[in-house]
Every structure is written in C-alpha cells, then in structure tokens.
Amino acid sequence: MWIKKKPSWDTIPPSEITPYDVYLNRRQFMAAAGAGVAAAALGPSAVAAAVRRRAQEAQVGEVAFGEELRGELNDYDLITTYNNYYEFGTRKQDPAQNAGDFRPEPWSVEVSGEVHRPGRYSVEELVRPDEVEDRIYRLRCVEAWSMVVPWRGGAFRNLLTRVEPTSNAKFVAFETVYRPEEMPGQRRRVLEWPYVEGLRIDEAANELTFLATGLYGRDLPNQNGAPLRLVVPWKYGFKSIKSIVKITFTEEMPPTSWNLSAPHEYGFYANVNPEVDHPRWSQARETRLPGIRKSPTTMFNGYGEQVEHMYRGMDLTRWY
Ligand code: MTE
C-alpha cells in the first residue's frame with residue numbers, strides 16, 4: 001500500500017474482471033431463455049461458469065445481517081482473485097496465484113494474556129458449528145476500493161464468552177501465521193512479519209465483529225485468509241487480519257503492522273472516515289469493484305448505527 005505512488009489496484013487489467021452487470025445479465029438471460037438456448041449462445045465454458053456462480057450464490061441462504069446488500073454482492077471470482085495478502089505477494093493477483101501450497105489444516109489458535117481460559121483452541125472451538133451464520137458486509141480498503149462479500153463464520157463475542165477475558169483486558173491482539181516456506185511474500189521484508197493487528201476490547205465485543213471461516217457458503221480460500229480471519233466492516237480492510245494463530249488479551253494497546261510500517265499514514269483505529277484523507281490520497285470516495293466509477297464513502301462504512309457510540313468523545317477529525 002505504501003510502497004507505490006499510484007494505487008496498486010490500477011495494475012489489474014480490466015479484461016481480467018467479470019463485470020457484475022455482465023454476470024447478472026448472463027444469469028437473467030439463462031433464467032429467461034432456458035439452459036439449452038443459453039448453452040448454444042454462450043458456449044460450454046461460459047455456461048459452466050454461470051452455473052457454478054449460480055450454485056455459489058444459492059449457498060448464500062438466509063443471512064443474519066446485511067440482507068439489503070444482497071443485490072450488490074461481488075461475484076466469487078473477483079473476491080477470490082483480487083486480494084491483499086502481502087504474505088503471498090503485493091500484487092492483487094499474487095495471493096490467488098501463490099497460496100496453493102499453504103496448508104490451513106491442521107490449525108489451532110493460541111489464546112493467552114488477560115484471559116481466564118487460556119489455551120490452544122481448534123477453529124471449531126472458536127467458531128462453533130452451531131453458531132455459524134452468513135453475513136453480507138461491505139469491505140472498504142484503505143486504498144479506496146470496495147466490495148460486498150458474503151462471509152460465513154461466527155460473531156467474535158461468542159468466543160469472548162467462552163475464553164472469558166479478565167477485567168484487565170483492554171485490548172485484543174491478533175497475529176497471522178509465520179511460515180516463510182509456504183508464504184513466499186514473508187521471505188521479503190515488505191512488512192515486519194508476522195502481520196499483527198488489534199482491537200479495543202469493546203470493539204472486539206461489538207455485534208459486527210466477525211471471525212470468518214468461509215465465504216459464499218464455502219470454506220475460505222487460502223488467499224482470503226484460511227482457515228480463520230477477522231472481519232471488522234466499519235474499519236479499513238487492513239484491520240481484518242488473515243490466517244490467525246494467536247489471540248492475546250492485553251492491558252496496553254498492541255502494535256499493528258501498518259502502523260509500525262508507516263505510522264504517519266495508518267493508525268490503530270483506522271475507522272472508515274470520508275472526512276479524514278490518507279496523507280497521499282482522498283478517502284471521500286471509493287471505487288466499488290468491478291466498476292470504475294467513484295461513489296461517496298460513508299462514515300464508518302455505513303455501520304454508524306452499530307458502532308458510533310464507541311467513539312463518542314474521540315476527535316474523529318484526527319488521524320488515529
Ligand atoms: N492480513 C494479512 N495477514 N496480511 C495482509 O496483507 N491485508 C489486509 C487484510 N488482511 C492483509 C491482511 C488488507 S489491506 C485488506 S484490504 C484485506 O485483508 C483484504 O481482504 P481480501 O483479500 O479477503 O479482500
């Protein structure tokens with residue numbers, strides 16, 4: 001993000017993106033014309049792709065949150081081929097291309113610090129199968145692009161009730177796995193590894209804070225942070241740390257990767273705020289991919305109702 005003068009998303013050729021309206025039209029066309037006629041018109045691979053996408057969309061059944069965003073969903077292919085995951089390279093297409101050797105199983109997460117029930121937890125203990133739900137959230141990257149993603153996973157607050165933070169726990173720190181042999185980007189010092197992030201304890205307990213284990217009703221692909229990643233939809237995307245192996249409850253504010261790397265550009269809070277520009281570009285507008293037109297960015301990425309109370313008294317015109 002910080003090493004390039006022009007936004008890195010400029011580098012993806014438009015030809016690699018399936019415009020969502022084309023995808024929608026294709027689906028409507030198939031529904032109207034019937035599969036036989038559509039097959040003749042589209043050719044076998046286009047039909048296979050359309051059927052596959054339909055199957056995926058069908059798996060976004062009832063959603064626990066974000067139903068009003070259903071019509072804006074980005075398609076599976078874009079969500080899984082246009083990624084920021086610097087452990088696999090800095091270009092948007094790198095994670096999908098380079099994450100094939102990554103092993104998300106077996107997996108466990110070390111929970112420690114100011115907590116009554118520290119220990120090693122499996123993914124299923126952190127996101128229990130009976131608590132799994134689908135939620136559709138906007139994802140707003142600090143680079144000024146956005147998508148709409150149907151996540152599958154569990155509320156972070158469910159985990160809190162199980163591990164029981166002590167009254168000293170003011171923050172939660174997260175750490176991504178460090179495996180340079182499987183993550184080629186970690187062999188270069190683009191960032192200090194492992195990637196670390198953090199939340200204030202009330203942010204972690206907010207109803208929106210989510211631990212995703214899947215998207216479009218399937219397990220998370222490696223490039224999206226398998227097997228377990230955080231999703232904090234009112235903050236810039238870099239807070240949503242991937243492939244978590246450590247969750248530590250702390251009294252002090254923990255360090256965070258992008259703040260360590262460029263403290264004058266990336267703060268701890270990193271709440272989406274159209275009125276506070278990044279030092280090198282405006283945050284007033286965003287490009288909803290796969291389009292190219294810019295639309296206004298909303299305070300807290302549109303989640304003010306759920307989160308605004310946590311920041312009363314804080315100077316939101318300051319870059320935190
Ligand atoms: N987590 C780790 N470990 N490494 C990263 O490079 N990139 C962040 C975030 N989580 C990143 C990470 C950024 S900048 C964004 S915008 C989101 O992941 C992107 O998530 P996506 O690829 O699923 O869209």
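Predicted, not measured: the structure shown is a model, and the values here were computed from it. First listed ligand is number 1; within each ligand, the first listed atom is number 1.
Ring pair F268/F171: centre-to-centre distance below 6.0 Å. Separation of the W258 and Y266 ring centroids falls under the 6.0 Å cut-off. When ring centroids are compared, F210 and F65 stay outside the 6.0 Å threshold.
Closest heavy-atom approach to atom 4 (N) of ligand 1 within the set K242, E87, M183: this belongs to E87. Distances from atom 7 (N) of ligand 1 to the heavy atoms of T81, N224, N84, V177 show the closest one on N84. Nearest-residue assignment for atom 2 (C) of ligand 1 (options F174, F238, F88, Y195; heavy-atom criterion): Y195.
For the atom pair CG (D202) and OH (Y311), the distance works out to 7.0 Å, reported to the nearest 0.5 Å. To the nearest 0.5 angstrom, R229 atom CZ is 4.0 Å from W151 atom CH2.
Backbone and side-chain nitrogen or oxygen atoms of Y82 are examined, and none is located within less than 3.5 angstrom of a nitrogen or oxygen of ligand 1. Polar contact check, W151 against ligand 1: no nitrogen or oxygen pair lies under 3.5 Å apart. Inclusion of W145 in the set of residues having an N or O under 3.5 Å from an N or O of ligand 1 is not warranted. Every N/O-N/O distance between Q223 and ligand 1 stays at or above 3.5 Å. Of the polar atoms of W258, none of the N or O atoms is found under 3.5 Å from an N or O of ligand 1, judged by distance alone.
Each of the atoms 16 (S) of ligand 1 lies under 4.0 Å from some heavy atom of C141. Of all the atoms in ligand 1, the ones that sit under 4.0 Å from a non-hydrogen atom of L139 are 24 (O). Interface atoms of ligand 1 facing N83, defined by a heavy-atom separation under 4.0 Å, are 21 (P), 22 (O), 23 (O). Each of the atoms 5 (C), 6 (O) of ligand 1 lies under 4.0 Å from some heavy atom of Y86.
Around atom CZ of R103, no more than 12 heavy atoms belonging to other residues, nucleotides or ligands sit under 6.0 Å away.
Ligand 1 lies within reach of R229, whose nearest heavy atom is under 4.0 Å from it.
Under the 4.0 Å criterion applied to side-chain N and carboxylate O atoms, E125 and R117 are not assigned as salt-bridge partners. The existence of a salt bridge linking K242 and E87 is excluded, since no basic side-chain nitrogen approaches an acidic carboxylate oxygen closer than 4.0 Å. Between K239 and E203, no side-chain nitrogen of the basic residue sits less than 4.0 Å from a carboxylate oxygen of the acidic one, so the salt-bridge criterion is not met.
A perpendicular orientation is assigned to the rings of Y85 and F88, their planes being inclined by more than 60° (bins at 30° and 60°).
Heavy atoms of E197 found under 4.0 angstrom from ligand 1: none, in either backbone or side chain. Looking at Y85 against ligand 1, both its backbone and its side chain come within 4.0 Å, counting heavy atoms. Contacts between T176 and ligand 1 below 4.0 angstrom, taking non-hydrogen atoms only, involve the side chain exclusively. When non-hydrogen atoms are compared, ligand 1 lies under 4.0 Å from neither the backbone nor the side chain of I79.
Side chains of R140 and S146: a donor-acceptor N/O pair is absent below 3.5 angstrom, by distance only.
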